[in-house]
K.L.:
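Let me give you the structure first, and then I'll get to my questions.
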Amino acid sequence: MIDLHTHSIASDGSDSPARLVALAAGAGLSAFSLTDHDTLAGLAEAKTAAEAVGVRLVPGCELACEVPTGGMHVLVYFLDDGPGPLQDQLARLQTGRGVRNVGILRVLAEHGMDISVAEVMAEAGDGSVGRPHIAAIMVRKGYVESFSEAFDLWLATGRPAYLGRDRLTAEETISLAHASGAVAVLAHPTTLGLNRNKAGEFIAGLAEAGLDGLECEYGRYPPEERALWHALASELGLCPTGGSDYHGVYKPDLALGTGLGDLCVPDELLEELERRRPASAGGSDGLAGQGGRQGVAPG
Ligand code: AMP
Ligand code: ZN
Ligand code: FE
Ligand code: FE
């Protein structure tokens with residue numbers, strides 16, 4: 001069993017990367033992927049811990065992409081920390097986050113909430129800094145009653161302290177992922193907010209653009225929803241994948257590996273995903289370059 005979707009303190013999870021590895025080993029997983037939002041900052045720690053316990057770590061991240069309606073998250077797998085086309089864009093996105101956070105704090109200050117950039121950085125540590133960290137400080141300082149109130153009143157899309165930020169399009173993400181020796185998978189497709197037909201058309205367009213997989217087995221999806229996405233993946237020739245979207249205490253009902261309790265993502269899906277890696281992909285991963293995408297050169 002594997003889990004291809006987890007978050008650590010390097011973005012908006014509550015557990016350290018090493019702790020995720022311990023949970024993965026405890027759940028009996030053969031492999032798991034750390035997919036923090038917009039950052040690879042947790043990978044080094046996870047890699048060391050994973051090697052020590054003999055769980056395979058699939059390096060990755062999750063990106064929120066530009067989309068006309070709803071929300072679109074793309075998971076990228078086999079993306080190593082270091083220089084590279086997509087990695088360079090992640091650095092640019094981090095800079096954009098910094099600018100946006102300053103803007104959010106300015107709006108909050110106008111409403112009598114005094115939070116400094118230094119406080120936010122201290123809250124976040126290394127990695128992606130964003131609204132969850134600001135929300136946590138708002139709670140601690142008594143400006144709001146709860147984390148969800150911070151979003152509902154101030155930080156959520158359309159609320160007074162909401163600011164947009166730079167995003168890549170899905171097409172850019174897919175081609176940058178391939179150029180970096182990685183693969184791209186559409187996360188939790190229900191979040192697109194499209195009905196089955198519209199989602200089918202939309203995802204067919206992404207498949208045309210080179211999308212590799214579809215996250216059919218998602219922690220929160222009931223069996224019929226998983227079956228629906230499996231059918232679409234098979235129709236479009238996409239690799240079905242799956243994961244819990246574990247965030248530690250921030251999504252307390254979701255366990256790493258098993259999600260709500262019934263998730264069980266088979267090892268074979270990772271093997272199939274790996275066969276979709278760009279053929280000339282190098283990297284530290286042992287199986288890199290075997291099989292591979294036919295006729296598509298990265299770059
Ligand atoms: P950011 O990356 O700064 O845009 O923040 C996005 C993160 O904020 C998401 O990954 C969630 O963890 C959290 N988040 C977004 N919307 C909400 C919401 N309405 N309630 C609680 N948390 C949210
Ligand atoms: Zn998250
Ligand atoms: Fe997501
Ligand atoms: Fe996620």
Side-chain angles (χ1 to χ4, degrees), residues 3-15 17 20 32-42 58 60-67 70-77 90 93-105 107-108 115 117 120-121 123-125 127-139 144-168 173 184-193 215 217-221 241-256 259 263 265:
D3 186 339
L4 296 179
H5 192 160
T6 71
H7 297 270
S8 78
I9 51 171
S11 64
D12 59 351
S14 64
D15 292 341
L20 293 189
F32 91 105
S33 183
L34 178 61
T35 52
D36 277 312
H37 300 277
D38 300 343
T39 185
L40 306 171
V58 178
C61 66
E62 182 175 21
L63 294 162
C65 295
E66 258 175 42
V67 65
M72 176 169 37
H73 291 182
V74 173
L75 292 157
V76 175
Y77 297 111
L90 294 182
L93 292 177
Q94 293 302 340
T95 307
R97 279 179 170 277
V99 173
R100 177 211 205 194
N101 290 335
V102 170
I104 292 175
L105 296 183
V107 177
L108 293 177
I115 299 173
V117 172
V120 178
M121 299 304 288
E123 178 72 28
S128 282
V129 187
R131 290 178 290 163
H133 309 106
I134 296 174
I137 298 171
M138 290 169 76
V139 176
V144 290
E145 298 270 322
S146 66
F147 189 84
S148 58
E149 194 183 292
F151 275 90
D152 294 346
L153 295 182
W154 298 102
L155 300 170
T157 313
R159 304 307 298 158
Y162 177 77
L163 266 75
R165 63 180 179 85
D166 274 353
R167 293 169 196 268
L168 299 171
T173 303
V185 170
L186 182 64
H188 41 66
T190 305
T191 311
L192 290 170
E215 189 178 51
E217 301 283 327
Y218 184 64
R220 285 197 199 288
Y221 290 176
T241 70
S244 61
D245 209 359
Y246 179 77
H247 280 74
V249 298
Y250 301 121
K251 296 187 181 179
D253 54 335
L254 290 175
L256 194 144
L263 191 70
V265 183

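Just follow the structure's listing: the first ligand is 1, and inside any ligand the first atom is 1.
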K.L.:
How many angstroms lie between atom CG of Leu105 and atom CD1 of Ile137, to the nearest 0.5 angstrom?
P.N.:
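CD1 of Ile137 is found 8.0 Å from CG of Leu105.
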K.L.:
Between the Fe ion (ligand 4) and Glu62, which N, O or S atom of the residue is the nearest one?
P.N.:
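Nearest N/O/S atom of Glu62: OE1.
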K.L.:
What does the contact table look like for ligand 1 (nitrogen or oxygen on each side, cut-off under 3.5 Å)?
P.N.:
{"residue": "ligand 1", "atom": "2 (O)", "partner": "Arg97", "partner atom": "NH1", "Å": "3.1"}
{"residue": "ligand 1", "atom": "2 (O)", "partner": "Arg97", "partner atom": "NH2", "Å": "2.8"}
{"residue": "ligand 1", "atom": "3 (O)", "partner": "Arg97", "partner atom": "NH1", "Å": "3.4"}
{"residue": "ligand 1", "atom": "3 (O)", "partner": "Arg100", "partner atom": "NH1", "Å": "3.0"}
{"residue": "ligand 1", "atom": "3 (O)", "partner": "Arg131", "partner atom": "N", "Å": "2.8"}
{"residue": "ligand 1", "atom": "4 (O)", "partner": "Arg100", "partner atom": "NH1", "Å": "3.0"}
{"residue": "ligand 1", "atom": "4 (O)", "partner": "Arg100", "partner atom": "NH2", "Å": "3.4"}
{"residue": "ligand 1", "atom": "4 (O)", "partner": "Arg131", "partner atom": "NE", "Å": "3.0"}
{"residue": "ligand 1", "atom": "4 (O)", "partner": "Arg131", "partner atom": "NH2", "Å": "2.9"}
{"residue": "ligand 1", "atom": "5 (O)", "partner": "Arg131", "partner atom": "NE", "Å": "3.4"}
{"residue": "ligand 1", "atom": "10 (O)", "partner": "Asp12", "partner atom": "OD2", "Å": "2.6"}
{"residue": "ligand 1", "atom": "12 (O)", "partner": "Asp12", "partner atom": "OD2", "Å": "2.6"}

K.L.:
Report the protein N/O/S neighbours of the Zn ion (ligand 2) that fall below 2.8 Å; do not count waters.
P.N.:
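Asp12 OD1, Asp12 OD2, His37 NE2, His247 NE2, with waters left out.
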K.L.:
Ring-plane angle category for Phe147 and Tyr250, please: parallel below 30°, perpendicular beyond 60°, tilted otherwise.
P.N.:
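Phe147 vs Tyr250 ring planes: parallel.
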K.L.:
Drop me the distance from Leu93's CG to Arg100's CZ, to the nearest 0.5 angstrom.
P.N.:
11.0 Å
K.L.:
Indicate if the distance from the Fe ion (ligand 4) to the nearest N, O or S atom of His73 falls below 2.8 Å.
P.N.:
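So His73 does not bind the Fe ion (ligand 4) by this criterion.
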K.L.:
Checking Asp38 against Ser128 for the side-chain hydrogen bond (donor to acceptor under 3.5 Å, both in side chains) test, could you report, in this order, the C-alpha distance in whole Å, the side-chain angles of both residues, the deciding distance, and whether it holds?
P.N.:
CA-CA 6 Å; Asp38 300 343; Ser128 282; 4.8 Å; no
K.L.:
Taking the side chain as every heavy atom from C-beta outward, state whether Leu4 and Val185 have any pair of such atoms under 4.5 Å apart.
P.N.:
no
K.L.:
Output yes if His7 passes the N/O/S-under-2.8 Å test against the Fe ion (ligand 4); output no otherwise.
P.N.:
yes
K.L.:
Check all N, O or S atoms of Asp245 and name the one closest to the Fe ion (ligand 4).
P.N.:
OD1
K.L.:
Assess the residue pair Thr190 and Tyr218 against the criterion (side-chain contact (heavy atoms from CB on, under 4.5 Å)); give the C-alpha distance rounded to whole Å, side-chain angles, the decisive distance to 0.1 Å, and a yes or no.
P.N.:
CA-CA 10 Å; Thr190 305; Tyr218 184 64; over 6 Å; no
K.L.:
Please check this pair: side chain of Asp36 against backbone of Ser8, looking for a donor-acceptor N/O pair closer than 3.5 Å.
P.N.:
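Confirmed, Asp36 side chain pairs with Ser8 backbone.
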K.L.:
Can Tyr77 and Ser33 be said to form a side-chain hydrogen bond (donor to acceptor under 3.5 Å, both in side chains), step by step?
P.N.:
CA-CA 8 Å; Tyr77 297 111; Ser33 183; 5.3 Å; no
K.L.:
Using modelled atom types only, decide if a donor and an acceptor are shared between the side chain of Thr35 and the backbone of Leu75 within a distance under 3.5 Å.
P.N.:
no
K.L.:
Can you give me the closest heavy-atom contact between Ala255 and Tyr246, atom names plus distance?
P.N.:
C-CD1, 3.8 Å
K.L.:
May I have the step-by-step check of side-chain contact (heavy atoms from CB on, under 4.5 Å) for Arg220 and Lys251, ending in yes or no?
P.N.:
CA-CA 11 Å; Arg220 285 197 199 288; Lys251 296 187 181 179; 4.0 Å; yes
